[in-house]
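Order of the sequence lines sets the chain letters (A, B, ...), proteins ahead of strands, with each chain counted from 1. Computed over heavy atoms, backbone and side chain alike; hydrogens, waters and symmetry mates excluded.
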Amino acid sequence: MRLATWNVNSIRARVDRIVSFAEREHIDVLAMQEIKCKPEQFPYARFEEAGYHVEAHGLDQWNGVAIASREPLEDVQYSFPGMPGFKKGHTGDDAPLEARAISALVDGVRVWSLYVPNGRGLDDPHFAYKLRFFEALRGYTASTLAGDPDLPLALVGDFNVAPFDSDNGDPSIVEGVSTHVSPAERAAFHALEEAGLQDVVRPLIPTGYTYWDYKQLRFPRDEGLRIDFVLGSRAFADAVAGASIAREERKGDGPSDHVPVVVDVDLSPEDDDVPMIFG
DNA sequence: ATGACGGCTATCAGCCGA
């Protein structure tokens, strides 16, 4: 299985680019974030013409997540158990959920397409929401893997945290001032690793960014952030055979500000069309 | 060249993003 995650920054604004990429790169499963539309506005036909099934979760023009897959998407779930909500004027429990998580079972893999809240500012209520979101993700992961330690589980998407100093090449993002690089956010991200997930791309691609701001020539200067990840359980991680960051997708006309992160996973030996040769 | 932000809508202004 070839799995990719991509914060597309509006599916309607660049559906041609996105479907072309998926076809050209032979992507089997494409997890998208920031589709910025409701399901009824999603350009399903373009994906179906290319041989993909799509499940989309969107409530308005903000956020929105989707998964496209060549194989059928089973047991689709919107939002993960314990996921917090957010709305100005609301506190904690009574806030409505946003469209930041969608999941499906594909070829036996439990895939989550996730768009972690931005945080907006270190003192903003959105920042506390971001930390609550991470803590709920950690809890979901821990309880899921406790019940099924061998589950191939993949949490993929825009985590909005640059976990290491080397993941931040944007001079406007400064520790102590900015979101994405604070100790609290980094600890919240690393807690997912303690819960049984690992970044399956990092060992294969130690450096490189996945996002560059549209402003200030950030891409030509290569002043980006590494904030898009594929986190996998042991069973998933053990099956990862390759990875790439599709930097070319930041070029040309009308790019997203994020690029796809791709992993090759070899989980289904029964799908091999070449017989095993023993001896 | 990878070139100075770009989506969205309650649209021509303001919000959001990282």
[X] has an atom [atom1]; how far is it from atom [atom2] of [N], in whole Å?
X        : N      : atom1 : atom2 : result
A:Asn63  : B:dC15 : CG    : P     : 17 Å
A:Arg120 : B:dC15 : CZ    : P     : 11 Å
A:Tyr214 : B:dT2  : OH    : P     : 16 Å
A:Asp60  : B:dG14 : CG    : P     : 21 Å
A:Gln61  : B:dC16 : CD    : P     : 10 Å
A:Asp124 : B:dC15 : CG    : P     : 14 Å
A:Arg100 : B:dG17 : CZ    : C1'   : 10 Å
A:Glu223 : B:dC5  : CD    : P     : 13 Å

Between [M] and [N] - [atom1] atom distance, rounded Å:
N      : M     : atom1 : result
B:dA10 : B:dG6 : P     : 23 Å
B:dA18 : B:dG7 : C1'   : 14 Å
B:dC15 : B:dA4 : P     : 25 Å

Compare side-chain N and O positions of [X] against OP1 and OP2 of [N] and report whether any pair is under 4.0 Å apart.
X        : N      : result
A:Ser10  : B:dC8  : yes
A:Arg221 : B:dT2  : no
A:His258 : B:dA18 : yes
A:Arg12  : B:dT9  : yes
A:Asn9   : B:dG7  : no
A:Tyr211 : B:dC5  : no
A:Arg218 : B:dT2  : no

Only one of A:Asn7, A:Val259, A:Asn160 clears side-chain contact (heavy atoms from CB on, under 4.5 Å) with A:Asp228; which?
-> A:Asn7

Sugar-phosphate only, base, or nothing, as touched by [X] at under 4.0 Å among non-hydrogen atoms:
X        : answer
A:Asp158 : sugar-phosphate
A:Tyr115 : sugar-phosphate
A:Trp62  : base
A:Asp213 : nothing

Does B:dA10 sit syn or anti, given that only angles within 90° of 0 count as syn?
-> syn

Separation of A:Phe164 CZ from A:Thr207 OG1 (nearest 0.5 Å) = 13.0 Å

Output for pair (A:Asn9 CG, A:Asp257 CG), nearest 0.5 Å, gives 4.5 Å

Pick the nucleotide of DNA chain B nearest each of A:Pro117 and A:Ala13; which residue has the one closer to the 5' end?
-> A:Ala13

Nearest-nucleotide check on DNA chain B, A:Glu34 vs A:Leu217; residue mapping nearer the 5' end is A:Leu217

Please state whether the rings of A:Phe80 and A:Tyr140 are parallel, tilted or perpendicular, taking 30° and 60° as the class boundaries.
-> tilted

Assess whether one donor atom and one acceptor atom, taken from the side chain of A:Asn118 and the base of B:dA18, lie less than 3.5 Å apart.
-> yes

Give the intermediate values and the outcome of side chain to side chain donor-acceptor pair (under 3.5 Å) for residues A:Ser103 and A:Arg110.
-> CA-CA 7 Å; A:Ser103 172; A:Arg110 169 57 65 185; 2.7 Å; yes

Does the ring of A:Tyr52 carry A:Arg70 above it, NZ/CZ under 6.0 angstrom from centre and within 45° of its axis?
-> yes

Side-chain heavy-atom pair A:Glu185, A:Phe134 within 4.5 angstrom cut-off | no

Which nucleotide in the set B:dG6, B:dC5, B:dT2 lies at the smallest distance from any side-chain heavy atom of A:Lys215?
-> B:dC5

